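The next block holds one structure in the form of structure tokens; read it before the comments.
Every value quoted in this text rests on a predicted model; they were computed, and no experiment measured them.
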Amino acid sequence: MIIKHFNELTTSELYEILKTRFEIFVTEQECLYQDLDDKDQDAIHVFCMNEKGRVAGCLRVFWNDEAAGVAQIGRVATLEHGKGIGGEILHAGVEVARDRLGAKKITLHAQEYAIGYYAKEGFEVVSDIFMEDGIPHVTMELAVML
């Protein structure tokens with residue numbers, strides 16, 4: 001697992017992260033949306049590379065509300081499915097929010113089909129279903145034990 005703040009990423013790492021996100025969110029899910037939302041620069045990026053030098057999975061962790069101690073995990077993408085990469089990345093993202101940021105709570109917007117994936121890490125649904133970029137989502141939260 002590679003864990004770096006945006007300012008620590010090499011241009012090649014950033015390129016590969018964005019390439020994987022585009023492949024999953026835009027190409028695979030056929031969803032046109034603005035991926036570059038000015039949150040990457042303030043985020044800690046968690047990712048892993050495969051043997052071909054591609055980002056096999058990634059996510060970002062950033063402050064949603066720093067004063068309240070609420071971190072957010074987003075842009076969770078796995079290029080290689082069925083290998084446990086997603087679970088490892090999510091667990092690492094929770095550790096980053098808890099240990100590096102000192103977050104008291106972590107929030108995320110989960111695609112409806114992925115609720116069970118996040119629930120395995122302890123996240124709970126705290127909203128009704130809403131549409132985000134044409135895809136049904138819910139807000140999920142995890143209270144962090146420091």
For residues [X] and [Y]: do they belong to one hydrophobic cluster (side chain heavy atoms under 4.5 Å, members Ile, Leu, Val, Met, Phe, Trp, Tyr)?
{"X": "L9", "Y": "Y15", "result": "no"}
{"X": "F62", "Y": "M140", "result": "no"}
{"X": "M49", "Y": "L18", "result": "yes"}
{"X": "I115", "Y": "L142", "result": "yes"}
{"X": "V70", "Y": "V125", "result": "no"}

salt_bridge([X], [Y]) N-O dist < 4.0 Å:
{"X": "K83", "Y": "E88", "result": "no"}
{"X": "K104", "Y": "D65", "result": "no"}
{"X": "D42", "Y": "R60", "result": "no"}

Just by modelled atom types, is the [Y] backbone N or O under 3.5 Å from a matching donor or acceptor in the [X] side chain?
{"X": "T20", "Y": "V55", "answer": "yes"}
{"X": "E13", "Y": "T10", "answer": "yes"}
{"X": "N50", "Y": "K52", "answer": "yes"}
{"X": "Y117", "Y": "G86", "answer": "yes"}
{"X": "H45", "Y": "L14", "answer": "no"}
{"X": "E66", "Y": "W63", "answer": "no"}
{"X": "T78", "Y": "H81", "answer": "no"}

Give a yes or no on whether [X] atom [atom1] has more than 12 heavy-atom contacts from other residues, nucleotides or ligands under 6.0 Å away.
{"X": "N7", "atom1": "CG", "value": "yes"}
{"X": "K105", "atom1": "NZ", "value": "no"}
{"X": "E124", "atom1": "CD", "value": "no"}

Review point. Name the one of T107, I89, L90 that satisfies side chain to side chain contact (heavy atoms under 4.5 Å, CB included) with I73?
Key: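 The side chain to side chain contact (heavy atoms under 4.5 Å, CB included) with I73 is passed solely by L90 among T107, I89, L90.
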Point to revise | Distance, nearest 0.5 Å, that separates CG of L79 from CD of E16 | key: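 Output value for this atom pair is 9.5 Å.
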Review point. side-chain contact (heavy atoms from CB on, under 4.5 Å) between I2 and V46: does it pass, once the steps are laid out?
Key: CA-CA 6 Å; I2 303 166; V46 178; over 6 Å; no
Should [X] and [Y] count as side-chain neighbours, where that means a heavy-atom distance under 4.5 Å?
{"X": "P136", "Y": "Q111", "answer": "no"}
{"X": "I44", "Y": "F6", "answer": "no"}
{"X": "R100", "Y": "H5", "answer": "no"}

Practice item. Starting from the C-alpha separation in whole Å, work towards a yes-or-no answer on side-chain contact (heavy atoms from CB on, under 4.5 Å) for I3 and V96. Key: CA-CA 8 Å; I3 300 169; V96 166; 3.7 Å; yes
Review point. What is the minimum heavy-atom distance between V61 and A97, and which atoms define it?
Key: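 Shortest heavy-atom separation between V61 and A97 comes out as CG1-CB, 3.9 Å.
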Practice item. Before giving the answer on side-chain contact (heavy atoms from CB on, under 4.5 Å), spell out for T139 and L108 the whole-Å C-alpha distance, their side-chain angles and the decisive distance to 0.1 Å. Key: CA-CA 6 Å; T139 300; L108 55 82; over 6 Å; no
Review point. Which pairs pass ring-ring contact (aromatic ring centres under 6.0 Å, His included) with one or both residues in residues 84-111, sequence neighbours excluded?
Key: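 Every pair satisfying ring-ring contact (aromatic ring centres under 6.0 Å, His included) with a residue in residues 84-111: H109-F130.
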Check your understanding: Can R75 and D37 be said to form a side-chain contact (heavy atoms from CB on, under 4.5 Å), step by step?
Key -> CA-CA 11 Å; R75 300 293 197 261; D37 59 1; 3.3 Å; yes
